[in-house]
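Notes follow the structure.
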Number of protein chains: 2
Amino acid sequence: MARDKEETKARILTAVGRLLAESGFKSLGVNAIAREAGVDKVLIYRYFEGLPRLLQCFAQEGGYWPTVDELVGDESTVNAETLADWMAYLLSRFSANLQERPMTQEILRWELLEGNELTRELANVRDKFALDSLNFLEDKGSFPPDKDIPAISAVLVAGVVYLMLRTKSSSTFMGIDFSSPAGWQRIQVALDSIVQLTVENNAK
Amino acid sequence: MARDKEETKARILTAVGRLLAESGFKSLGVNAIAREAGVDKVLIYRYFEGLPRLLQCFAQEGGYWPTVDELVGDESTVNAETLADWMAYLLSRFSANLQERPMTQEILRWELLEGNELTRELANVRDKFALDSLNFLEDKGSFPPDKDIPAISAVLVAGVVYLMLRTKSSSTFMGIDFSSPAGWQRIQVALDSIVQLTVENNAK
DNA sequence: GATCTAAGTCACCACTCAGTGACACGGTAT
DNA sequence: ATACCGTGTCACTGAGTGGTGACTTAGATC
């Protein structure tokens with residue numbers, strides 16, 4: 001219709017994003033994408049050689065994951081001194097950021113129950129972000145040798161992610177109601193106290 | 001073939017379980033269940049009025065979730081005194097138990113990305129188990145008023161669940177390799193230290 | 001203006017899925 | 001024996017999917 005190959009390719013790619021954010025990866029088929037993009041599906045095969053390559057292109061476009069800098073913001077305005085402070089801050093920012101990225105949430109869901117090439121690639125991108133965060137933290141205050149900071153971070157991040165992914169379908173977990181901000185507030189406080197009490201080298 | 005209604009119903013129900021544990025809920029359709037059970041699918045409609053009711057029956061059968069007693073085992077042999085000890089013990093047992101319940105894992109995955117009546121019901125069963133665990137813990141040592149034990153538990157349990165669900169499709173998270181027992185060992189240690197340092201009332 | 005190619009359209013295939021109606025069989029009560 | 005009802009079998013529809021070949025059209029080149 002528009003007779004512009006690049007624009008059509010772009011329309012297809014943005015359609016993937018919209019569809020992913022709105023209805024998740026379950027409905028992410030060739031037909032659905034073509035419909036969403038207002039494009040004939042044969043063009044998907046012509047320009048991307050099918051779904052897998054299309055999704056690969058989409059993944060390489062990036063943008064579904066924040067950078068550490070983006071997460072931290074302006075360091076000079078952050079009220080944090082110790083390693084624990086920074087960890088708590090980063091966790092809280094991570095949580096808030098993830099909440100506003102439905103597409104990223106869907107990708108995380110996807111990783112969780114499909115083990116194909118693409119999700120593995122997406123997982124690599126994510127893990128690189130995680131390692132960046134750890135490096136950032138280690139710059140802020142070197143890790144105490146008697147604590148396994150990466151493992152502790154993994155547990156806490158995993159917890160945040162799981163709670164986040166849950167809230168879409170079910171609003172309560174272990175008696176905590178996540179439909180109101182109060183529930184999340186409790187989690188936030190819990191995370192802060194966990195980090196402070198666990199990471200701070202009070203065993204010294 | 002067997003001309004026995006109850007047996008046929010039972011075959012269908014066990015087929016649901018097998019299918020769920022083996023291939024997850026993605027392939028959980030009427031046709032697949034009938035094939036797995038070696039039964040004509042029309043009987044599913046006759047005896048269960050379709051998939052939703054069948055799954056509801058399956059859910060009511062139970063057995064996909066442990067009881068607190070089952071998890072704890074013989075209390076007299078448990079080397080735990082403080083509340084923190086019991087929390088750590090319960091977390092570790094929970095993790096081990098969940099690892100050996102593929103069907104339960106699939107249900108957790110399912111809850112995560114489908115918000116229908118059934119998953120909500122399943123979520124209720126799960127949440128009751130969680131509250132039972134909290135009650136058990138409160139019997140062991142009353143919760144310190146300055147700590148939100150449920151929220152802390154929620155974060156840690158959520159973390160364990162997420163890490164568990166991940167390992168099937170991807171084996172690394174935040175640089176930790178979960179394909180070897182060493183990775184899980186690190187998580188276990190991290191959980192223990194988090195619980196001990198966070199829950200123990202060292203602020204008193 | 002004719003031609004040629006890239007971009008887009010349409011029609012179709014084979015397959016899977018949920019769901020239904022019609023039929024065959026076998027034991028049971030009359 | 002026969003009529004009946006519960007159990008199981010078969011064949012089908014209709015919708016939706018991934019994927020492909022044949023066609024049309026717009027726009028640049030000669």
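Just the heavy atoms: all of them, side chains too, but no hydrogens, waters or symmetry mates, feed the values below. Lettering of chains follows the sequences in order, A, B, ..., and the numbering in each one begins at 1.
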Just the atom pairs and distances: protein N or O near nucleotides 14-18 of chain D's N or O, under 3.5 Å.
from: D:dT17; atom 1: OP2; to: A:Arg35; atom 2: NH2; distance (Å): 3.1
from: D:dG18; atom 1: OP1; to: A:Val30; atom 2: N; distance (Å): 3.2
from: D:dG18; atom 1: OP2; to: A:Val30; atom 2: N; distance (Å): 3.2
from: D:dG18; atom 1: OP2; to: A:Asn31; atom 2: N; distance (Å): 3.0
from: D:dG18; atom 1: OP2; to: A:Asn31; atom 2: ND2; distance (Å): 2.8
from: D:dG18; atom 1: N7; to: A:Lys41; atom 2: NZ; distance (Å): 3.2

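- For residues 20-53 of chain B, the set of pairs meeting the ring pair (Phe, Tyr, Trp, His ring centres under 6.0 Å) definition, not counting sequence neighbours, comprises B:Phe25-B:Trp110.
- Looking at B:Val155, B:Leu131, B:Val157 one by one, the single match for side-chain contact (heavy atoms from CB on, under 4.5 Å) with A:Met174 turns out to be B:Val157.
- Annotation: of the two residues near DNA chain C, B:Gly50 and B:Arg46, the 5′-most nearest-nucleotide partner is B:Gly50.
- Counting any heavy atom pair closer than 4.0 Å across all strands shown, B:Val39 reaches no nucleic acid atom.
- Dashed line: the shortest gap from a side-chain N or O of B:Thr8 to OP1 or OP2 of D:dT7 is not under 4.0 Å.
- Across the protein-nucleic acid pair, A:Asp4 atom CG and D:dG27 atom C1' stand 13 Å apart, rounded to whole Å.
- Rounding to whole angstrom units, CZ of residue A:Phe48 and P of D:dG19 are separated by 15 Å.
- The NZ-C1' distance, from B:Lys26 to C:dT16, rounds to 16 Å in whole Å.
- For B:Asp40 and C:dA22, the CG to P distance is 16 Å, given to the nearest whole Å.
- The distance from atom CZ of A:Arg53 to atom C1' of D:dG19 is 17 Å, rounded to the nearest whole Å.
- Residue B:Lys5 contributes atom NZ, which lies 9 Å from atom P of D:dG8 at whole-angstrom precision.
- The separation between A:Glu7 atom CD and C:dA6 atom P is 20 Å, rounded to whole Å.
- In the model, B:Asn97 has a side-chain atom that pairs as donor or acceptor with a side-chain atom of B:Arg101 under 3.5 Å.
- Of the possible donor and acceptor atoms, one in the side chain of A:Thr119 sits under 3.5 Å from a partner among the backbone N and O of A:Glu114.
- Side-chain atoms of B:Ser193 and A:Thr198 include no donor-acceptor pair closer than 3.5 Å.
- In this structure, the CD1 atom of B:Ile44 is 16 Å from the P atom of D:dT7, given to the nearest Å.
- If you check the side chains of A:Asp69 and A:Thr67, you find no donor sitting under 3.5 Å from an acceptor.
- Contact annotation: side chain of B:Arg3 to base of C:dG27, donor-acceptor pair absent below 3.5 Å.
- With contacts defined as side-chain heavy-atom distances shorter than 4.5 Å, the pair A:Asp139/A:Asn135 does not qualify.
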